[in-house]
Amino acid sequence: MTEMPTGRGPDSTNLATITYVHGAGPATDASTIPASPALGGSSEATDRAAVVESARRVLEGTVTSPAPAEVEKLEVDLDAFDDRPLIPAWAKTPEGWAMYSGVVYRSRLRAYRRWVRRQRTDRGHLAQFKRGTRRVQDWVTGFEGIQTQALAHQAYVAAKEARGAARAARFTPALLVNKKKTALMEADRTQTVAMQAVAAHKSAKSYRRKLRALRAGAAYGPPIAAITGGYVQGGALGASAGLLATFTGGAFAGREVISEETDWSADWRSLGDGDPMSAPMLDEVFRHAKVIGSDESLHMVQMPMLDARGAWSAVIDLPPGIPAKKAMRSLSEIASALGVEDAQVNMVKAKGKGARAGRLEIYVARELPFTEKAEPGPLLALEAATNFWGRIAIGPDVRGLPISISVVERSGLVGGEPGAGKSASGNVILLAAALDPRVILWLADGKAGGDLEPFAGLCEYFEGDADPEAFYEMLKAAVADMRARYALLKKLGKRKVTEELANKYPLLRQKLLWVDELMFYTTDDEFGKKITKLLRNLVSRGRAAGIVTFCATQKPGSDVVDTSLRDLLSIRWALRCTTPEASDTILGKGAAAAGYSAKTIEPEMRGAGLLWAEGSNPTLVRADYYSDEEVELLCKRAYALREAAGTLPDGPKTLSDQLRDKGEADADVLAVLVDVFNAYDQAAKEDDATGEVDWLPGSVLVEALKAAGLDITPEKLGRLVVREADEKKKRAWEDSTSALNGFPLAAVLRTVQSKYGLTA
């Protein structure tokens, strides 16, 4: 096609540049139109009608291809450039040259920045040079060393056999002609074989040295020559050029990145060094730990694999005759051979189908487990009530799998050193019980530290003052409740409490008796043995009656908890202990020797412990953690659930209510007396903040008794409330003109204590 510029003369028509497509030219005779130069030049102006006609034909698609004859008529003069340049005029302006040079500058700047960023990666020149030197060294070392080592071993074995054959020939009696002859022939043969093996080894060593020398000369000769020659020719500048050339060659040799390079000079190290677990590694580990012999190996039931948490696991079979407990006793040695901490290694007997005495499942965590921040406990997301008759979520094990237990007809013991997380671990069970509105809570805090205070409003019986006498009274009440439960079960013809019976009969509701810091109670001089006896009675007989007992203490040794009581606690949870013996006092004798010792738990693993609740082996578990704010929130939720279910406790009964519950006439009289003293004392405190009523006239007390419907004379009252000599003195009373005979509060409380064993 030909471009037709606008006219340039004064008579030209002011039209835009028009491009004619062949076949869409003006509808005039071609001979009457002067030819336009192909490149540049001027042309005559065309009329507007021709332009419109050309545009119309282009839009209608009626443009036709040029005829061959017409094509031949087109002549292009390549020299007819006139004054038009090949480079546009704008490119010759300062702005054009700046734009052109700016493109080059920016492209070079981007390339430089890419080069700088690449130096930090494995594609950088320094990384390439390191790979290159390593590959060159591997090439210089070669594979001849493997053959030399094999020949050295053959020479050693042949020499050993030759010495043995020579010794046998020497000590064979000459009388045994045939045997002597055979021994001498064997000695000659083995000596010849040994000499040949030694000669082959020497030849292989010589061959290895020669090849390594040749390869070393080929690899290291040019760089040394370049550096030395450069220094001789140009001094420091020439040496620098030689170094640069050497660096360039090394980088070129290591330009390709290989994902797995073979380092023939290094053997496997350990998991702690970042090496992957493999079957040969486990063989060496168990050999170093003296679990298997030097010529024995493990059988891989499940090859080592890496889980999503970055930990290695494998299932292995020990050689025949080696029990699994031998490997579990050597846990520290195995951890040392693996290059990790004891707490990172977890070994248990394989469970499920195909389990056998010598089959082990080994699990090695990449980092120390249970040191990261604990995930929110599952009870926070639970909107409904829990079911204490079902399974209770305890927390994750080392594999991250949730562990749950059942406490129905069970009892438990939680122990560990101070700061190991007993209170936080106990909250898992306490909160699960509190969020079940059917469960009755009886809690005793031997530490009096306030850990159980959030649960006080949910308890029917709460002892938070670390008072052994009060705890003894609690246990007596628990034993009485147990007897009442068994009486009802006997009447119903049932052997034990079930969930259906507990839902039907309020007396048989499940009860949790939680004792924190048991040591404080059982070591009391006056009540320690009595408390131990009642606890043993509850633990042994209360399970079937729906009473679940849990005790928490630091070191439940025989001097703290009698073994007859400790052995009855079926659920054992051993948090961190300072010695294996302390761990055994919780898990049972021999647990540490079998590979289950809470001493291996690191101090950073707070809340983690060996839980022995179900199955034949303890499991390392970390309890779900609930902060103080979360515990208070869950206790409020438990309060609302119990309020809606109508199972909130009535609260502690007053002394007068406890006396009326006795159902005796004297107890009713004493209850009225206690109420009268409380009423006068309250009135005195309202009038005077320091006022306190500790004595009342007999007439006032008799009138109050008559108002309560109890007809009693002053003489009978005096016989009931026995006063000491100094307490019978008359005193002045309010507006009375004479001193009156009365009764002190101490005498009334003393009578209540001596007659019914109750205290204010």
Side-chain angles (χ1 to χ4, degrees), residues 131-225 253 258 260-270 273 275 278-300 319-320 322 333 336-337 339:
R131 286 196 300 271
T133 54
R134 178 176 173 180
R135 291 173 180 172
V136 170
Q137 179 60 31
D138 289 342
W139 178 72
V140 170
T141 302
F143 296 93
E144 292 78 17
I146 300 175
Q147 182 181 5
T148 304
Q149 290 179 358
L151 292 175
H153 181 69
Q154 293 177 5
Y156 170 78
V157 174
K160 186 176 180 180
E161 292 179 353
R163 286 193 298 269
R167 189 180 302 107
R170 182 189 306 171
F171 293 103
T172 301
L175 296 176
L176 304 175
V177 180
N178 293 333
K179 288 188 176 182
K180 184 70 172 179
K181 183 179 179 180
T182 303
L184 291 174
M185 292 176 62
E186 182 65 19
D188 292 340
R189 187 190 67 80
T190 54
Q191 186 177 8
T192 303
V193 171
M195 293 174 64
Q196 293 175 352
V198 171
H201 176 233
K202 290 181 178 181
S203 176
K205 287 176 63 178
S206 176
Y207 180 71
R208 180 189 64 181
R209 284 194 298 268
K210 291 179 181 180
L211 283 183
R212 285 186 178 180
L214 290 174
R215 285 195 291 260
Y220 302 127
I224 295 175
I258 301 177
E260 293 184 3
E261 294 191 6
T262 303
D263 184 5
W264 301 100
S265 62
D267 198 355
W268 69 271
R269 294 168 292 173
S270 64
D273 294 327
D275 291 350
S278 60
M281 174 188 287
L282 288 178
D283 287 338
E284 291 297 327
V285 164
F286 277 74
R287 290 185 189 119
H288 289 310
K290 308 300 182 186
V291 178
I292 62 177
S294 58
D295 56 344
E296 294 178 323
S297 60
L298 304 172
H299 173 65
M300 292 290 131
I322 300 179
E333 290 79 3
S336 176

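These figures come from a predicted structure and were not determined experimentally.
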Checklist entry - In Å, rounded to the nearest 0.5 Å, how long is the span from CG of L282 to CZ of R287? => result 10.5 Å
Item to check | Listed partners of T182 passing side chain to side chain contact (heavy atoms under 4.5 Å, CB included), at least two apart | outcome: none
Item to check | Interatomic distance, D138 atom CG to T133 atom OG1 [nearest 0.5 angstrom] | outcome: 9.5 Å
Item to check | Residue pairs involving residues 166-176 (criterion salt bridge (Lys or Arg N to Asp or Glu O under 4.0 Å); sequence neighbours excluded) | outcome: none
Checklist entry - Does A279 have any side chain to side chain contact (heavy atoms under 4.5 Å, CB included) partners at least two apart in sequence or in another chain, and if so, which? => result M300, M303
Next on the checklist: Going by side chain to side chain contact (heavy atoms under 4.5 Å, CB included), name the residues that satisfy it together with A213, two or more places apart in sequence or in a different chain.
Outcome noted: none
Checklist entry - Does any pair with a residue in residues 148-160 pass salt bridge (Lys or Arg N to Asp or Glu O under 4.0 Å), and if so which ones, sequence neighbours excluded? => result none
Atom pairs and distances, donor-acceptor, side-chain atoms in residues 186-195, under 3.5 Å, two or more places apart:
residue	atom	partner	partner atom	Å
E186	OE1	R189	NE	3.4
E186	OE2	R189	NH2	2.6
T190	OG1	E186	O	2.8
T190	OG1	A187	O	3.0
T192	OG1	D188	O	2.9

Item to check | Shortest non-hydrogen contact from V285 toward A337 | outcome: CG1-CB, 3.8 Å
Checklist outcome for this item: Scanning both residues in full, the closest heavy-atom pair of D283 with I292 reads O-CD1, 4.0 Å
Checklist entry - Looking at E333 and A289, what are the two nearest heavy atoms and their distance? => result CB-CB, 3.7 Å
Item to check | Non-hydrogen atoms of P319 and S297 that approach each other most closely | outcome: CG-O, 3.5 Å
Checklist entry - Any side-chain hydrogen bond (donor to acceptor under 3.5 Å, both in side chains) pairs touching residues 196-217, not counting sequence neighbours? => result E144-R215
Side-chain donor-acceptor contacts of residues 173-181 below 3.5 Å, not counting sequence neighbours, with atom names and distances?
residue	atom	partner	partner atom	Å
K180	NZ	A169	O	2.6
K180	NZ	T172	O	3.1

Item to check | Non-neighbouring partners of Y220 that pass side chain to side chain donor-acceptor pair (under 3.5 Å), sequence neighbours left out | outcome: Q137
Checklist entry - If you look at every heavy atom in A204 and L151, which pair is closest and at what distance? => result CB-CD1, 3.3 Å
Checklist entry - Among all residues two or more places apart in sequence or in another chain, which pass the side chain to side chain contact (heavy atoms under 4.5 Å, CB included) test with H299? => result V301, D317
